[in-house]
Amino acid sequence: GNVQAYSSVAIKSQVDGQIVEVHFREGQTVKKGDLLFTLDARPYEALLRQAEANLAKDKALLDKARADVVRLEVLVAKDFTSRVNYDQAKATAASLEAIVKADEALVEQSRLKLEYTRIAAPIDGRVGSILVNAGNLVKANDTAAGTMVVLNQVRPINVQFAVPESHLAEIRARMAAGRIAVRAAIPEDTRPPAEGTLTFINNAVDTSTGTITLKATYDNADDRLTPGQFINVTVELSVIAEAVVVPPAALQVGQRGQY
């Protein structure tokens, strides 16, 4: 089998900007929410102040328009002004209400972009090599070369392996009955195999090989398993209690079979 990260995230920027600081070391273990990168926030701070100023201006105009509606409502009731002026004041107030809502959305968008200048870890895991260093410019959601670092979750961790389809029925039955233990032994490692649990059975058999893919999950508290690593996997389907065992060399074959 092969070891796979429980989850893997390619960290990219959601806004354009220059990397000001990198807050981690390559290969470091980080927690969800830990700060990874800081981008230059000054352009987005200016945009936020501008959006807030426009919102304040339009709110002031809206307050005046509402006051005009109240004043004209009294005047039109006494026939001191035309109904057209009153309707025009109501339309102006309604239009300004829509503008204020748009301004509020723009303020929220500007504030969100400002938050995006601080890139935090979305999951617990271990970071790889830094692909974009401080001082470089990054683009929002750049698909070509936008990955800044890859974060792999290794606690827990998965091991993927394949077994012949002839074992599928028994594996499904055992899995339905309870936990199936899976041991992972690293070649040339003298330590006892890592203990895991079968957690996934693929939904189709590979017709070219006649095998089906399974996955087992391990706590990996000691970081023994690393993504991409090759290991030997043993799936324990059952235990025979009080079985009598003999060395293979002691078995003989006669007319009635083995004895």
Side-chain angles (χ1 to χ4, degrees), residues 6-24 30-125 127 130-153:
Y6 191 79
S7 59
S8 183
V9 180
I11 305 298
K12 297 183 179 182
S13 176
Q14 293 180 273
V15 292
D16 298 343
Q18 183 182 37
I19 300 175
V20 175
E21 189 173 358
V22 179
H23 300 275
F24 63 92
V30 297
K31 296 290 185 181
K32 180 179 179 179
D34 286 353
L35 191 60
L36 301 179
F37 296 93
T38 299
L39 305 183
D40 187 1
R42 291 173 297 177
Y44 299 100
E45 290 171 347
L47 289 174
L48 178 59
R49 289 194 297 269
Q50 182 181 7
E52 289 174 339
N54 288 334
L55 176 60
K57 179 194 71 174
D58 291 333
K59 277 185 174 181
L61 293 175
L62 176 59
D63 291 340
K64 180 182 179 302
R66 285 172 174 170
D68 289 343
V69 170
V70 174
R71 179 172 54 84
L72 289 173
E73 186 177 10
V74 175
L75 295 178
V76 78
K78 297 179 180 181
D79 290 332
F80 289 164
T81 187
S82 67
R83 187 77 186 181
V84 173
N85 289 338
Y86 175 62
D87 291 340
Q88 181 64 41
K90 287 178 65 178
T92 301
S95 176
L96 285 169
E97 285 179 359
I99 291 174
V100 166
K101 288 182 179 180
D103 289 342
E104 289 173 345
L106 188 58
V107 168
E108 184 62 28
Q109 183 183 31
S110 300
R111 186 175 290 115
L112 190 61
K113 286 184 176 181
L114 180 59
E115 292 177 3
Y116 285 159
T117 60
R118 295 171 60 84
I119 303 174
I123 58 173
D124 296 346
V127 293
I130 299 173
L131 304 178
V132 185
N133 291 292
N136 285 285
L137 292 172
V138 292
K139 293 184 178 181
N141 300 312
D142 188 358
T143 56
T147 300
M148 304 167 74
V149 71
V150 175
L151 177 60
N152 285 333
Q153 185 175 0

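These figures come from a predicted structure and were not determined experimentally. Heavy atoms only: backbone and side chains are in, while hydrogens, waters and symmetry mates are out.
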Which heavy-atom pair separates [X] from [Y] by the least distance, and what is that distance?
| X | Y | value |
| --- | --- | --- |
| V69 | A89 | CG2-O, 3.4 Å |
| A140 | Q14 | CB-O, 3.4 Å |
| L151 | I123 | CD2-O, 3.5 Å |
| G146 | K12 | O-CG, 3.6 Å |
| V107 | L55 | CG2-CD2, 4.1 Å |
| A121 | V30 | CB-CG2, 4.0 Å |

Could you state the interatomic distance from [atom1] ([X]) to [atom2] ([Y]), rounded to the nearest 0.5 Å?
| X | Y | atom1 | atom2 | result |
| --- | --- | --- | --- | --- |
| D34 | H23 | CG | NE2 | 11.0 Å |
| D124 | N152 | CG | CG | 13.0 Å |
| I19 | M148 | CD1 | CE | 3.5 Å |
| F80 | L72 | CZ | CG | 13.0 Å |
| K90 | R83 | NZ | CZ | 6.5 Å |
| I99 | D58 | CD1 | CG | 5.5 Å |

Side chain proximity check, [X] to [Y], heavy atoms < 4.5 angstrom:
| X | Y | result |
| --- | --- | --- |
| P122 | I11 | yes |
| L39 | Y116 | no |
| V149 | F37 | yes |

Query raised in the report: Given Y86 and V74, is the side-chain contact (heavy atoms from CB on, under 4.5 Å) satisfied, shown in steps?
Result: CA-CA 10 Å; Y86 175 62; V74 175; over 6 Å; no
Query raised in the report: Quick one: does S110's side chain have a donor or acceptor within less than 3.5 Å of a partner on L106's backbone?
Result: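 Flag set: sc S110 to bb L106 pair under 3.5 Å.
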Query - Short side-chain to backbone donor-acceptor contact, Q18 and L137, under 3.5 Å - result: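 Answer holds: no.
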**Report entry** F24 atom CZ, over 12 foreign heavy atoms within 6.0 Å
**Finding:**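 Atom CZ in F24 is packed in, count exceeds 12.
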**Report entry** R71 atom CZ, neighbour heavy-atom count above 12 within 6.0 Å
**Finding:**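 More than 12 heavy atoms, drawn from other residues, nucleotides or ligands, come within 6.0 Å of this atom.
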Query raised in the report: Salt-bridged, R111 to E108, with N to O below 4.0 Å?
Result: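 Looking at E108 together with R111, the answer is yes, because their closest N to O distance falls below 4.0 Å.
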Query raised in the report: With the threshold set at 4.0 Å, does a side-chain nitrogen-carboxylate oxygen contact exist between D68 and K64?
Result: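 K64 and D68: salt-bridged.
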